[in-house]
Q: 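Structure below; questions to follow.
Numbered from 1 within each chain, the chains take letters A, B, ... in sequence-line order. All values below come from the heavy atoms of this structure, side chains included, with hydrogens, waters and symmetry mates left out.
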2 protein chains.
Amino acid sequence: MSENSGSTSTNIFVAKLSSYIDLSIEEHQVIEELTQNSMAFDEGQDIIFESEKNSSAYLLQSGWAIRYKIVPDGGRQIISYLLPGDIFGFRESLFELSDDSVQALTPVIVHCIPAENIAEICDSHTNLSLAFTWARAREQAILTEHIVRLGRRNAYERLGHLLLELLHRLQLVEKAGNSDYFLPLTQEVLADTLGLSIVHVNRTLRKLRNDLMIELDPKTRRLRILDVDALSEATGYDQSFLDQNEKPSRSPQDAIGFEEK
Amino acid sequence: MSENSGSTSTNIFVAKLSSYIDLSIEEHQVIEELTQNSMAFDEGQDIIFESEKNSSAYLLQSGWAIRYKIVPDGGRQIISYLLPGDIFGFRESLFELSDDSVQALTPVIVHCIPAENIAEICDSHTNLSLAFTWARAREQAILTEHIVRLGRRNAYERLGHLLLELLHRLQLVEKAGNSDYFLPLTQEVLADTLGLSIVHVNRTLRKLRNDLMIELDPKTRRLRILDVDALSEATGYDQSFLDQNEKPSRSPQDAIGFEEK
DNA sequence: TATCAAGGGTAACCTATGTAAATGCGCTGT
DNA sequence: ACAGCGCATTTACATAGGTTACCCTTGATA
């Protein structure tokens with residue numbers, strides 16, 4: 001872990017938020033300031049270990065990370081993926097609830113917003129508060145989908161469904177092409193995500209390849225989904241749970257989104 | 001669904017919150033007011049159907065409900081249980097994310113807090129805002145545990161683990177004895193929660209009975225866990241994810257819970 | 001009293017997925 | 001060039017859990 005100064009002019013968070021909220025110039029600046037200090041982690045390093053009673057928020061600038069939990073028998077369950085542009089960690093919970101950890105899957109750069117600053121930022125900038133709210137709601141939607149995936153789908157559907165979700169999420173931050181992206185996951189990671197064994201992930205991946213659903217180059221780790229519609233159909237994938245349609249106006253009432261049906 | 005006037009003097013929400021937050025007298029009163037209007041639902045009725053773009057919050061006064069999702073092939077996955085004292089629905093998401101539904105499992109009484117009132121209440125009453133924050137964090141911890149349960153445990157462990165979680169959550173609101181409670185769930189509901197078939201739930205339940213882990217009277221629907229420690233051990237249950245230890249002071253800084261290690 | 005539906009229980013059989021073990025390939029370090 | 005490691009791949013075999021089908025009890029309704 002080292003200190004850097006991040007100075008990208010086209011900020012990924014500004015870009016992401018702007019797609020659904022009209023940010024004021026001042027809010028732009030706040031975000032730019034927040035992302036000045038960055039921390040780098042190497043592949044395999046823990047960013048947060050068992051929650052550490054740390055309720056700071058983190059902005060993931062680049063790289064992939066996972067939130068995971070270890071079970072008594074030593075197994076690992078991956079709870080969720082953190083991709084560029086994601087906010088995480090802001091438990092805001094004063095209590096020690098879940099004790100999960102966050103680990104870098106690739107080299108990663110994050111910006112930390114100390115817990116004591118969060119309340120202040122939210123109070124003074126409606127739209128940034130909205131951003132947190134939205135991030136939480138989105139995270140919950142993703143967790144919900146993961147539960148459905150684990151509870152009600154077979155291996156083939158689980159894998160295809162996950163690959164589609166990742167494609168879709170990466171596209172939202174311009175990290176994926178029309179149907180392909182860089183997938184830095186070993187089969188072991190996939191297994192720990194989907195509640196399967198490594199061997200069965202391998203089998204299922206082969207089947208997806210044989211069915212001409214995907215192409216995966218083990219060298220470059222580039223994944224291509226050959227027929228998004230067919231795979232969506234086959235795995236029951238419905239991308240609407242990630243959609244974020246309308247740009248709401250900036251007035252608080254409308255922001256709650258109650259009036260208009 | 002009918003309108004009633006709820007007028008319990010010992011309010012379940014006051015009781016629940018008081019156990020970990022020092023409420024002001026004024027806050028007591030706000031809660032009492034919020035819980036004046038109540039709505040009743042019968043077993044099987046939908047309380048929220050596919051999110052309905054409704055971001056109101058609901059307080060569950062009495063009864064059991066489930067949050068669930070239907071998959072394309074007609075199957076149902078139950079995402080979470082809502083028990084007396086729980087807050088739900090406050091998506092606060094202006095976007096249509098997850099489209100899950102909430103349904104009453106028993107006759108249920110809820111109090112509704114319209115979306116347009118939530119912001120106002122949170123602004124003027126720090127501790128009530130805290131209550132929402134806490135409810136969200138808790139819900140996420142429960143979802144996380146559910147993911148681990150589905151991904152990394154076998155049928156026996158899943159069932160035992162769930163029964164322990166319910167015991168624990170009910171105890172927190174005085175709805176369970178030391179080791180027994182009223183369990184209004186059919187085997188079908190259990191199956192849809194745990195990603196199992198009905199038949200296998202039946203088999204597994206029998207096994208738990210044979211192992212003298214539980215007693216379940218199908219007439220009264222009373223469940224007794226005969227040896228909580230043994231069952232916890234056998235199913236990898238660790239109740240800490242639900243614990244809510246210290247009463248934080250009421251000042252905002254402390255509320256974030258950052259300073260004290 | 002007869003009927004019906006919902007839920008629990010059980011048995012026979014089938015299959016998706018797990019486990020164990022061995023092979024190969026492509027890195028990295030020496 | 002070689003050893004060694006991480007990861008993907010494949011085969012053979014074992015088993016947890018799914019499917020189908022049927023019966024029983026109970027309680028509601030006619």
Q: Quickly work out the A:R206 CZ to D:dT10 C1' distance and round it to whole Å.
A: 7 Å
Q: Separation of A:Q187 atom CD from C:dT17 atom P, in whole Å?
A: 16 Å
Q: Please report, rounded to the nearest Å, how far the P atom of C:dG7 is from the CG atom of B:D192.
A: 12 Å
Q: A:I198 has an atom CD1; how far is it from atom P of C:dA22, in whole Å?
A: 17 Å
Q: Scan B:R203 against the nucleic acid and name what it touches under 4.0 Å (heavy atoms): base, sugar-phosphate only, or nothing.
A: base
Q: Counting the atoms with a prime plus P, OP1 and OP2 as sugar-phosphate, which does A:R152 contact under 4.0 Å by heavy atoms, base, sugar-phosphate, or nothing?
A: nothing
Q: Is there a donor-acceptor pair under 3.5 Å between the side chain of B:Q103 and the backbone N or O of B:Y68?
A: no
Q: Using whole Å, report how far CZ of B:R153 lies from C1' of D:dG17.
A: 18 Å
Q: Using a heavy-atom cut-off of 4.0 Å across all strands, would you classify B:R158 as base, sugar-phosphate, or nothing?
A: nothing
Q: What integer distance in Å separates B:K219:NZ from D:dC24:C1'?
A: 12 Å
Q: Considering only side-chain heavy atoms of A:T186, which listed nucleotide, D:dA8, C:dG8, C:dG18, is closest?
A: D:dA8
Q: Under 3.5 Å, is there a donor-acceptor pair between the side chain of B:D73 and the main chain of B:G75?
A: yes
Q: Between atom CG in A:L205 and atom P in D:dC7, what is the gap in whole Å?
A: 15 Å
Q: Using heavy-atom distances to pick each residue's nearest nucleotide on DNA chain D, tell me which of A:E43 and B:G195 is more 5'.
A: A:E43
Q: Please classify the nucleic acid contact of B:N202 as base, sugar-phosphate, or nothing, using heavy-atom distances under 4.0 Å.
A: base
Q: From the list C:dT17, D:dG18, C:dT10, which nucleotide is the closest neighbour of the side chain of B:H200?
A: D:dG18
Q: State which of D:dA8, C:dA20, D:dA21 makes the closest approach to the side chain of A:R221.
A: D:dA8
Q: Of all heavy-atom pairs between A:L163 and A:L208, which one has the smallest distance, and what is that distance?
A: CD1-CD1, 4.5 Å
Q: Within the structure shown, what part of the strands sits under 4.0 Å from A:L196 by heavy-atom distance: base, sugar-phosphate, or nothing?
A: sugar-phosphate
Q: What orientation do A:Y58 and A:F88 show, parallel under 30°, tilted 30 to 60°, or perpendicular over 60°?
A: parallel
Q: For the residue pair B:H168 and B:Y237, categorise the inter-ring angle as parallel (less than 30°), tilted (30 to 60°) or perpendicular (more than 60°).
A: perpendicular
Q: Between P on D:dA16 and CD on B:E157, what's the gap in Å once rounded to a whole number?
A: 12 Å
